[in-house]
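The next block holds one structure in the form of structure tokens; read it before the comments.
Every heavy atom of this structure was used, including side-chain atoms; hydrogens, water molecules and symmetry mates were not. In what follows, every chain begins at residue 1, and chains take the letters A, B, ... in the order their sequences are listed.
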Amino acid sequence: KAQLKSMGLSLDWAREIATCDPSYYRHQQKMFVDFFKAGLVYRRKSKVNWDPVDMTVLANEQVVDGRGWRSGALVEQRELEQWNFRITDYSEDLLTALDRLDRWPEKVRLMQRNWIGKSEGLRVRFEIAGEAPNGDRALEIFTTRPDTLFGASFMAIAPDHPLAKALGARDADLAAFQERCRQMGTSVAVLEMAEKEGYDTGLRVHHPFVAGLTLPVYVANFILMDYGTGAIFGCPAHDQRDFEFARKYALPIIPVVLPSGADAASFAIGDAPYDGEGTIFQSDFLNGLTIEAAKNAVASRLEGMSLQGTPQGTRQVNFRLRDWLISRQRYWGCPIPMIHCEACGVVPVPAADLPVVLPRDATFDRPGNPLDHHPTWKHTACPQCGGAARRETDTMDTFVDSSWYFARFTDPWADTPTTRQAVDSWLPVDQYIGGIEHAILHLLYSRFFTRAMKATGHAGLDEPFAGLFTQGMVVHETYKTPQGEWISPAEVEILEIDGRRQARRLSDGAAVEIGSIEKMSKSKKNVVDPDEIIGGWGADTARWFMLSDSPPDRDVIWTEAGVEGAHRFVQRVWRLLGEALPWISGPVRPPSNATCEIALGLRKAAHKALIAVEDDLEKLGFNRAVARIYELTNALQRALAEGDPATDPALAAAFHEAFDILIRIIAPMMPHLAEECWSAMGRQGMLATADWPVADHMLIVDETITLPVQINGKKRGELTIAREASEADVRSAVLGLDIVVSALEGREPRKVIVVAQRIVNVVA
RNA sequence: GCGGACGUGGCGAAAUCGGUAGACGCACGAGACUUAAAAUCUUGCGGGGAAACCUGUGCGGGUUCGAGUCCCGCCGUCCGCACCA
């Protein structure tokens, strides 16, 4: 309810929207079933933070200090059977394919790389000395640094590791320690502050290479059960965390990596571990090897050693990426089309029965999932045996919907989720534009989903988005009253007093503090209503300002002054057009070449602008395109002041052509103004459907060029010379310049560098 | 802590391959028009200097005929990840 309220929606509206058109759900459910049959979907018990008041699952960020932030209630840990997509099947592929996405920002690719988090290492089994309470005879750990095995001084396992649980069952102190860790585990804030803590279980394991050496096994609060095997060996000399732990519990710190140049006899670890490059020492058969070679040597040796009938070491690639949990206990979402039958297990809803639609008469008068406590909705018959069965009441994460809409859009009325002909011919998306906030989740899920669609025959490609561009946000100043209350820009007037910008509240003139520039948000009230912008300035002005102010990948600061400037430009174009109207009506006549200087200059300016704008738009350089358009407008205004088209038909034709180009290059950014101008010029149809003008590249080639002339790398003058002049001609002309002659004082230059069409540098 | 990006006028920013730093806009100053204001137009605008000229792209070095751009080392800002073994 709170969520709906914040969206300004009533319950009736929510029901209406959630149930209005089930066709997309039908196709999504069809694909879900196909994924299920292909083994890409599975159910897994997972621990969740359960809010006992709202009867809902809380996201991690909703939990602070063991309490849910919305209800303030204590959070329970529960285990729920939930649906997951097997995105981890594609970890390696999702990672390596990033290298081929060359039209994606490096930043996004890097974020995905880190998120997938590949690490190559070794699983090592340590023989347990004596007896473990659960009967385990070996402790398996994962490490990326097997080269430091001879520096091992302890083992650490996660508090919820099976071995730790078994040990805790007969050791009350350990159980209490584990309980403390569990309480802490849910709180991000505590985690950051938490000191490394451990509990010595008394259990010991044998070092695989050093006969007679045993290592103590600790339960430690910093070991995660869901990474690797939930257990590590600690090498304090070469790992920050292990180092801190060893200091606290007075464990040996044995260096085994020697930095180059250090003396093996005297090298010791001081206040910090050493994690750099070096040569292995104090390590038996590894001595003298590089880190990489030692990793290999250890892996090979352990692979060949047998412990209790299995190899003692196994090379393993580990990923940070987890499977994608899509179950949501909410009304709002696409129902998961599955049926639970006592006899047959989990059975997909048959295609003919799709879509499974949400009930319209769901109620929200008590906590929990409305689908679950709806009186009839979940009761159904098993499609296989016909017996009484129960519908899945979880709905899908809405990221599922956004993971394939672009594929559906290629044939939106098709009776199947996609049609291969359409999806193969349209995809991949050439240019995707979105915010950086989707860098990981949405863009990674879509990449997975496209692969899953390929695996189930719904598409034929791996990568959905060939080009990606991440645009910035619109941001605005914030305003705060002395009472600390945020107020909106509409309630504030900005004044310049004593050369300082100051703000006052419109209603009573009270002083207002101008705060930092931030992303527009309702909480800070620094929002500008789009309807008011369009009502007050027009859509063209708003768009022109946003495009002109900053490059599109950066944030644009919304300012009243900036918008006014943009609006002035709209008026100026319209006014200039009005002044020139007598000469620019009807179809463009081909401008004569026998023209006056003003006309020729104008033609060059127009074609130069056209060429530049084409290039800028192609590269999404809208702010640069705007600057080029300003330049052309300035040139037009100057020409209109200087020349008289009434007495010069060539000039009139040049104006006609220049205005024609101007309004066409404005059109993509200010369509309304452009159409109005188009119509005022007496042109037929709509500009939007007219062809883009063709630039005359020959026209902008000048016969003479002006080269900057440098002496010893500093600009001292200019040289105007024929474009076709040879290097020798340029050289002798430069040496004849007064500034060059006086600088040389009769000596020969040491060197003259002529860069064609660019610059000349005389080294004296 | 790890990883990355970026530092250019009062402000937003340009500078395509190492080749005239500050295009274009905003703000501001001066002037014209006006009884006045708004709008519009003209003009100035990195810093120093009367000028010639000097100086200037976070700081310190380097490469080069030439560096905002390339290399090394600092400083600062922002972003992402974060007990990942």
Side-chain angles (χ1 to χ4, degrees), chain A residues 105-115 117-119 121-122 124 141-146 148 155-156 158 185 188 191-192 194-197 220-224 226-235 239-242 244-245 275 318-321 436-437 439-440 496 499 501 544-545 548-551 553-557 559-566 568-569 571-572 575 612 615-616 619 621 623-634 637 641 706-718 749-764:
Chain A
E106 186 49 42
K107 181 187 171 74
V108 174
R109 291 195 280 170
L110 193 76
M111 282 165 74
Q112 293 212 351
R113 243 175 242 130
N114 292 341
W115 190 260
K118 179 179 180 175
S119 61
L122 193 69
V124 184
I141 60 98
F142 175 72
T143 179
T144 55
R145 292 295 303 271
T148 64
M155 313 296 289
V188 179
L191 258 184
E192 275 171 4
E195 207 180 326
K196 317 249 166 305
E197 269 190 276
N221 63 350
F222 60 91
I223 306 298
L224 308 172
D226 48 347
Y227 189 82
T229 63
I232 62 153
F233 80 82
C235 174
D239 181 277
Q240 181 65 39
R241 239 178 9 198
D242 298 348
E244 286 172 35
F245 194 81
D275 57 5
N318 229 320
F319 292 94
R320 208 188 74 105
L321 185 67
I436 189 74
E437 68 273 18
I440 295 172
E496 180 117 357
R501 280 183 81 242
W544 185 254
F545 168 64
S548 69
D549 195 58
S550 295
D553 53 340
R554 248 176 266 184
D555 289 347
V556 51
I557 305 168
T559 62
E560 196 75 355
V563 184
E564 280 165 19
R568 269 202 294 279
F569 181 70
Q571 301 296 334
R572 192 163 139 226
R575 205 170 47 241
D615 186 53
D616 290 333
K619 293 172 179 161
N623 56 325
R624 292 197 305 268
V626 165
R628 300 288 88 84
I629 290 171
Y630 269 111
E631 279 175 341
L632 174 57
T633 311
N634 292 346
Q637 186 164 355
T706 301
L707 293 174
V709 177
Q710 294 183 332
I711 295 168
N712 294 329
K714 288 189 175 172
K715 192 198 168 192
R716 282 294 180 272
E718 286 179 340
R750 286 205 289 154
K751 210 171 178 184
V752 179
I753 293 142
V754 178
V755 184
Q757 318 283 316
R758 279 273 191 194
I759 201 164
V760 184
N761 190 12
V762 180
V763 185

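Comparing the P positions of B/G68 and B/U63 gives an interatomic distance of 16 Å, to the nearest angstrom. Taking atom C1' in both B/U77 and B/C33, the straight-line distance is 48 Å, to the nearest Å.
Within the shown strands, nothing qualifies as a pairing partner of B/U57 under the Watson-Crick or G-U definition with both distances less than 3.5 Å. With a cut-off of 3.5 Å on both Watson-Crick or G-U wobble distances, the partner of B/G49 is given as none. As the counterpart of B/C24, B/G12 is assigned, both hydrogen-bonding distances of the Watson-Crick or G-U wobble pattern falling under 3.5 Å. Shown here, B/A5 forms a base pair with B/U77; the pair counts as Watson-Crick or G-U wobble because both key distances fall under 3.5 Å.
Glycosidic conformation at B/G25 (O4'-C1'-N9-C4 for purines, O4'-C1'-N1-C2 for pyrimidines): anti, more than 90° from 0. Classification of B/C71 as anti follows from a glycosidic angle more than 90° from 0.
Contact check, A/Arg716 against B/C54: a side-chain N or O comes under 4.0 Å of OP1 or OP2. One finds a side-chain N or O of A/Gln637 lying less than 4.0 angstrom from the OP1 or OP2 phosphate oxygen of B/C41. OP1 and OP2 of B/C53 both lie 4.0 Å or more from every side-chain N or O belonging to A/Lys714.
Both A/Thr144 and A/Met111 sit near RNA chain B, but only A/Met111 has its closest nucleotide nearer the 5' end. In terms of position along RNA chain B, the nucleotide closest to A/Leu110 lies nearer the 5' end than the nucleotide closest to the other residue of the pair A/Leu110 and A/Asp239.
Checking side-chain atoms of A/Asn318 against main-chain N and O of A/Ser119 turns up no donor-acceptor pair under 3.5 Å. Of the possible polar contacts, none joining the A/Asp549 side chain to the A/Val556 backbone as a donor-acceptor pair under 3.5 Å is found.
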message: Across nucleotides 19-25 of chain B, 5' to 3', mark each nucleotide with B, S or - according to how protein heavy atoms within less than 4.0 Å reach it.
response: BB--BSS
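Residue A/Lys619 is in base contact, counting any heavy-atom pair closer than 4.0 Å across all strands shown.
Among B/A13, B/A27, B/A82, the nucleotide with an atom closest to any side-chain atom of A/Ala561 is B/A27.
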